[in-house]
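The structure appears right after this line, and notes come after that.
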Number of protein chains: 2
Amino acid sequence: MTTRNIRKTNNEMKGRAVTSQRKLLLDILRKSGGHISAKELYRSASRRNESISLATVYRSLQLFKELDLVEERRLGQVFCTYEMKESAEHQHLVCRSCGKVIEFESPLIRRLVEALKHEHGFNLTKIELYMEGYCKECAKNASDIV
Amino acid sequence: MTTRNIRKTNNEMKGRAVTSQRKLLLDILRKSGGHISAKELYRSASRRNESISLATVYRSLQLFKELDLVEERRLGQVFCTYEMKESAEHQHLVCRSCGKVIEFESPLIRRLVEALKHEHGFNLTKIELYMEGYCKECAKNASDIV
DNA sequence: TATATTTTGAGAATGTTTCTCATTCTCATC
DNA sequence: GATGAGAATGAGAAACATTCTCAAAATATA
């Protein structure tokens with residue numbers, strides 16, 4: 001066994017082809033810093049690669065999910081949003097009025113997960129706490145009217 | 001002013017027309033006891049009313065939401081599920097393998113909500129904790145294979 | 001380089017949800 | 001019970017996100 005057998009594979013793509021499209025999409029996802037939809041990603045990518053297909057965007061997102069590179073989230077909308085997984089675990093507050101997304105984290109979440117694991121023997125792979133309401137500003141504006 | 005002016009309005013429908021379709025749909029929702037999709041609701045209603053339209057199902061669900069009669073939930077799938085609001089506030093665990101839905105509740109949720117209200121001044125209208133993973137049975141079966 | 005395998009683009013197809021509009025129903029009033 | 005105004009319905013078209021298909025192109029491997 002020689003060092004030739006120690007192949008330096010692309011650690012991110014785990015043996016899957018590294019195409020220009022995939023590099024581009026990952027780059028955009030990284031720079032966008034979270035909460036980007038498939039369509040936004042497509043539009044953004046189109047600016048740098050005229051011919052990229054929406055199907056490729058979806059296929060790549062699927063792949064990135066499998067490779068644990070991105071996280072898929074449904075923030076109340078009809079469609080999903082995606083973000084790179086490196087970002088710390090956090091949850092979302094969405095304002096029903098202005099659509100603003102507030103991220104937050106809480107130790108209570110961790111405690112809840114542990115409690116559930118214990119009580120139901122559930123092996124968790126995804127936790128998503130979605131909360132909807134009115135942010136400080138919108139609530140204030142509404143109270144001016146009412 | 002006589003007693004004639006004290007009109008006995010339908011308390012559920014709050015002045016909105018009480019149609020046979022709406023009665024039917026509410027009845028099915030009540031009897032189904034939670035987690036029914038628009039399509040299932042439509043199929044179920046079709047059995048009792050041949051000509052009911054899918055559009056009516058969606059319109060009615062929209063109305064029921066507005067009247068606070070039903071609650072809309074997105075349990076990870078592409079579509080929504082609906083349930084009558086009378087059921088106690090609870091959250092969901094969904095098994096990725098068998099699709100089973102486990103409902104649960106925890107005082108930690110309430111504490112979390114209060115903490116958030118305090119910290120961000122967010123006026124909450126909807127809380128949805130969605131957790132995905134493998135239930136006890138499926139996790140056991142998987143470990144037999146692996 | 002040659003070959004086998006993956007991936008892509010384009011558009012069709014799918015599935016859920018919303019819209020449109022002519023027709024029908026409901027409800028308050030007579 | 002009949003009437004009229006406004007609300008609700010059915011059917012299908014439309015809109016929306018997402019997935020599929022397949023020939024052509026790119027990539028990885030020997």
Side-chain angles (χ1 to χ4, degrees), chain A residues 2 4-26 35-67 70 72-82, chain B residues 2-26 35-67 69-70 72-82:
Chain A
T2 71
R4 304 200 66 196
N5 284 323
I6 300 167
R7 211 176 298 285
K8 192 192 161 209
T9 57
N10 185 303
N11 53 342
E12 254 192 357
M13 294 304 284
K14 291 182 183 120
R16 316 299 290 270
V18 179
T19 66
S20 64
Q21 291 90 337
R22 290 177 178 174
K23 275 192 282 189
L24 172 58
L25 292 173
L26 276 177
H35 306 139
I36 192 171
S37 71
K39 204 175 180 182
E40 285 164 348
L41 183 55
Y42 169 64
R43 270 206 277 265
S44 204
S46 295
R47 259 178 254 126
R48 288 209 252 159
N49 174 348
E50 272 291 332
S51 76
I52 196 168
S53 159
L54 183 55
T56 298
V57 171
Y58 276 104
R59 279 184 295 228
S60 300
L61 284 171
Q62 200 85 21
L63 176 67
F64 298 161
K65 265 196 294 176
E66 278 164 33
L67 298 182
V70 307
E72 183 185 71
R73 280 213 150 90
R74 227 176 263 286
L75 297 182
Q77 298 105 325
V78 197
F79 52 87
C80 293
T81 55
Y82 301 84
Chain B
T2 72
T3 51
R4 302 199 64 194
N5 285 324
I6 301 165
R7 211 175 300 285
K8 191 196 161 205
T9 57
N10 184 303
N11 53 344
E12 254 193 358
M13 293 304 284
K14 288 175 186 133
R16 316 300 290 270
V18 178
T19 67
S20 63
Q21 291 89 339
R22 289 176 179 177
K23 275 192 283 187
L24 172 58
L25 292 173
L26 275 178
H35 306 138
I36 191 171
S37 70
K39 204 174 180 183
E40 285 164 347
L41 183 55
Y42 170 64
R43 270 205 276 265
S44 204
S46 295
R47 259 177 253 127
R48 290 209 251 159
N49 175 347
E50 270 292 330
S51 76
I52 197 169
S53 159
L54 183 55
T56 298
V57 172
Y58 276 103
R59 281 184 293 227
S60 301
L61 284 171
Q62 200 85 20
L63 176 66
F64 298 161
K65 264 197 295 178
E66 276 165 33
L67 298 182
L69 294 175
V70 307
E72 185 185 70
R73 281 212 150 92
R74 228 175 262 284
L75 297 181
Q77 298 105 328
V78 196
F79 52 87
C80 293
T81 55
Y82 301 85

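For the numbers below, each heavy atom of this structure counts, side chains included, while hydrogens, waters and symmetry mates do not. Numbered from 1 within each chain, the chains take letters A, B, ... in sequence-line order.
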Ignoring the backbone of B:V18, work out which of C:dT7, C:dC27, C:dT17 is nearest its side chain. C:dC27
Any heavy-atom pair between the side chains of [Y] and [X] that's under 4.5 Å?
| X | Y | answer |
| --- | --- | --- |
| A:L54 | A:K39 | no |
| A:I52 | A:L25 | yes |
| A:N49 | A:Q21 | yes |

Show the nearest heavy-atom pair for residues [X] and [Y], with the distance to one decimal.
| X | Y | answer |
| --- | --- | --- |
| B:K65 | B:E72 | NZ-OE2, 2.9 Å |
| A:V78 | A:R74 | O-NH1, 3.6 Å |
| A:L61 | A:A38 | CD1-CB, 4.0 Å |

Quick one: [atom1] on [X] to [atom2] on [Y], what's the gap to the nearest 0.5 Å?
| X | Y | atom1 | atom2 | value |
| --- | --- | --- | --- | --- |
| A:S37 | A:L75 | OG | CG | 10.5 Å |
| A:L41 | A:L24 | CG | CG | 8.0 Å |
| B:R48 | B:S46 | CZ | OG | 11.5 Å |
| B:L67 | B:R16 | CG | CZ | 6.5 Å |
| B:M13 | B:K23 | CE | NZ | 10.5 Å |
| B:L69 | B:Y82 | CG | OH | 14.0 Å |

Atom-to-atom span, [atom1] of [X] to [atom2] of [N] - whole angstrom:
| X | N | atom1 | atom2 | value |
| --- | --- | --- | --- | --- |
| A:F64 | D:dT18 | CZ | P | 16 Å |
| A:Q21 | D:dA24 | CD | P | 18 Å |
| B:L63 | C:dT17 | CG | P | 17 Å |
| B:E40 | C:dT17 | CD | C1' | 16 Å |
| B:M13 | C:dA28 | CE | C1' | 17 Å |
| B:Y82 | C:dT16 | OH | P | 12 Å |
| B:L41 | C:dT16 | CG | C1' | 14 Å |
| A:R22 | D:dA25 | CZ | P | 19 Å |

Are OP1 or OP2 of C:dT7 and a side-chain N or O of A:R16 less than 4.0 angstrom apart?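 A:R16 to C:dT7 OP1/OP2: side-chain N or O found under 4.0 Å.
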First of B:Q62 and B:T19 reached from the 5' end of DNA chain C, by closest nucleotide: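 Whichever sits nearer the 5' end wins; that is B:Q62.
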Take A:L54 and B:A17, find for each the nucleotide of DNA chain C with the closest heavy atom, and name the residue whose nucleotide sits nearer the 5' end.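 With A:L54 and B:A17 compared, the 5'-side residue is A:L54.
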Near DNA chain C, which residues from residues 43-52 of chain A have a heavy atom under 4.0 Å away?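 Residues of residues 43-52 of chain A under 4.0 Å from DNA chain C: A:S51, A:I52.
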With 3.5 Å as the limit, what N/O pairs link the protein to nucleotides 12-17 of chain D?
from	atom 1	to	atom 2	distance (Å)
D:dA17	OP2	A:K39	NZ	3.4

Base, sugar-phosphate, or nothing: which does A:R59 touch, judged by heavy atoms less than 4.0 Å apart?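 It contacts base atoms.
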If each end axis of the helix from C:dT1-D:dA30 to C:dC30-D:dG1 is fitted on five C1' pair positions, the angle between them, to 10 degrees, is 40°
